[in-house]
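We use all heavy atoms of the structure for the numbers below, so side chains are in, but hydrogens, waters and symmetry mates are not. Chain A is the first sequence line, chain B the second, and so forth, proteins listed ahead of strands; every chain is numbered from 1.
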Amino acid sequence: MATQMDEQLSMNQVYINELSKHTGQEVTLKGWLYNLRSSGKLLFPQLRDGTGIVQCVVFKKNVQPEVWDALKGLGQESALIIRGAVRADERAPGGYEIDVSSAEVVQSAHDYPITPKEHGTEFLMDHRHLWLRSRRQHAILKVRATVVKAVRDFLDNDGFTLCDAPIFTPAACEGTTTLFEVNYFDEEKAYLTQSGQLYNEATAAAFGKVYCFGPTFRAEKSKTRRHLTEFWMVEPEMAYATLDDVMNLSERFLSYIASRVIEDRKEELKILERDISKLETIVPPFPRLHYDDAVKMLQEGHERGELENRFEWGGDFGAPDETYISGHFDKPVMVHHYPAAVKAFYMARDPERSELALGVDVLAPEGYGEVIGGGARATSLDFLREQIAIHELPEEAFNWYLDLRRYGSVPHAGFGMGIERCTAWMCGIEHIRETIPFPRMLYRLKP
RNA sequence: UGGCAGGUAGCUUAAUCGGCAGAGCGUCUGAUUGUUAAUCAGAAGAGUGUCGGUUCGACUCCGACCCUGCCAGCCA
């Protein structure tokens, strides 16, 4: 009998997100119990299968007594196979419900820790492996998947070749930032990459337009809502390109990502209560602001009492400064020509004003801060050698990099975008930690 | 790393001037043929992050340490 039941149960198996195509049919759903309500001779199990949640209705008289008894006492997140007829019903959340004819309990769960009530951040983060099942987290990670897909589609269709950079690196890419050190066989040290930047410059000279996309590690002791110690970064790089090319690319790139999220993740954005109009404004052109003008804006803000501290020319913007600047625009704003002193050693200089770097930061609206950082790279061998010396970096570690200036050095440019920051912005959520399945942060390495 | 706020049942929390720790949710038992974080009735479940001090008496006051959150620096 069990065999017969199994066969019957696997007939016409469908996923919850395609129920509308099966109205009136007898279908099989495989998933987990999201919630169970009961009303005497009626049970309302809500089934979750990874594609959605559907309410099922069990009438006591319609199912075998064993099925009724098994379902009646089920705990949240029990694994469950349900068979029944698909019916459009306005009373059901989602518009469809399943009139259950039979069911099989695959595993009966008890005392699931995450209840449909409020929980604190610490508790939820400790149970991240289970928290992923809840509706909101599910929606955020679906948006992340779409952001990643959009990133790849855009670059692949725009003539870029995927050329991934290594994760183990022999030395710092950017000197200043702290690195995670690991043992690399006997006595040797390696570092986890903090940017694929330098390797991108090599592959760009081989392929023209390239990008790398992978995890990036920063051992900064930052404890803010926009920092992770392990995050994913996409870095396009173009040979024979300028700062303007980078700004044009950033504009098209971010606009494409936003349009894909709006188009493909409507349900999820609704669950997240995202104000879509905030995403619909993300279309070219983006405002471009010279660093000098950004500084003026900040200083005027201080004079009006809107900013606590007076910003002095020469510094890098802090989080409140970025928020203040981006608050003047309803689109991402591109701040360019930063002082070279606050940027990486490999940045090209403005030929008219050598104290300025040909760099750009794209500041997202709504206080999401810097989502893109990039610019043109220095082409001169002598200049780079000097910079490496000034930054007290070991020249022999950069010898291969300097080869790129010895053999066919050309103007080239690119940028890096943090996937999690971009996802948090698209979702309109407070903290970046929810935009990656298992966040790694200062003081959090588990689960 | 610095500043601020916190650690009380499984979870979210209350406890007045220092006086025997109270609730909601979840769990368990029962009722309910349309529930929407279902509802109703009943039951079990904690000695308050750790260590030390003051006191007749400490969740409450003092000190150290541990942990968490928020903000900042740094960055994507």
Practice item. Look up atom NE2 in A:His302 and atom CG in A:Asn309, then write down how far apart they are to the nearest 0.5 Å. Key: 7.5 Å
**Study point:** From CD (A:Gln137) to CD (A:Glu434), nearest 0.5 Å
**Key:**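 With rounding to 0.5 Å, CD (A:Gln137) is 4.5 Å from CD (A:Glu434).
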Are [X] and [Y] within salt-bridge range, i.e. N to O under 4.0 Å?
| X | Y | result |
| --- | --- | --- |
| A:Arg310 | A:Glu303 | yes |
| A:Lys149 | A:Asp264 | no |
| A:Glu273 | A:Lys278 | no |
| A:Lys30 | A:Asp49 | no |
| A:Glu420 | A:Arg144 | yes |
| A:Arg87 | A:Glu97 | yes |

By nearest atom, which of the nucleotides [options] is closest to the [X] side chain?
| X | options | answer |
| --- | --- | --- |
| A:Asp111 | B:A76, B:U27, B:U32 | B:U27 |
| A:Arg225 | B:C71, B:U32, B:A76 | B:C71 |
| A:Phe231 | B:A76, B:A37, B:G34 | B:A76 |
| A:Pro320 | B:C75, B:U68, B:G73 | B:G73 |
| A:Lys221 | B:U33, B:U1, B:G69 | B:U1 |
| A:Ser222 | B:C74, B:G34, B:C75 | B:C74 |
| A:Glu220 | B:C74, B:U35, B:U27 | B:C74 |
| A:Leu442 | B:C74, B:C70, B:U1 | B:U1 |

Point to revise | B:G73 OP1/OP2 closer than 4.0 Å to side-chain N/O of A:Arg226 | key: no
Practice item. Give a yes/no on whether any side-chain N or O of A:Tyr443 is located under 4.0 angstrom from OP1 or OP2 of B:C70. Key: no
In whole Å, what is the span from the [atom1] atom of [X] to the [atom2] atom of [N]?
| X | N | atom1 | atom2 | result |
| --- | --- | --- | --- | --- |
| A:His431 | B:G69 | NE2 | P | 8 Å |
| A:Leu74 | B:G26 | CG | C1' | 16 Å |
| A:Glu230 | B:A76 | CD | P | 17 Å |

Point to revise | Residues, nucleotides or ligands: over 12 heavy atoms within 6.0 Å of A:Gln25 CD | key: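 Above 12, so yes.
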Under 4.0 angstrom, heavy atoms only, what part of the nucleic acid is [X] near: base, sugar-phosphate, or nothing?
| X | result |
| --- | --- |
| A:Glu322 | base |
| A:Gly318 | sugar-phosphate |
| A:Leu228 | base |
| A:Arg135 | nothing |
| A:Arg87 | base |
| A:Asp316 | sugar-phosphate |
| A:Thr224 | base |

Review point. Considering every strand shown, what is the Watson-Crick or G-U wobble mate of B:G24 when both distances are under 3.5 Å?
Key: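 The base-pairing partner of B:G24, which may sit in any strand shown, is B:C11.
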Revision key, fill the gap. Per-nucleotide protein contact along nucleotides 2-12 of chain B, 5' to 3', at a 4.0 Å heavy-atom cut-off (B base, S sugar-phosphate only, - neither), is B--------SS
**Study point:** Nearest non-hydrogen partners of A:Tyr256 and A:Asp153, listed with the distance
**Key:** OH-CB, 3.8 Å
Check your understanding: When you measure from every atom of RNA chain B, which of residues 42-52 of chain A have a heavy atom less than 4.0 Å away?
Key ->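 Correct list: A:Leu42, A:Phe44.
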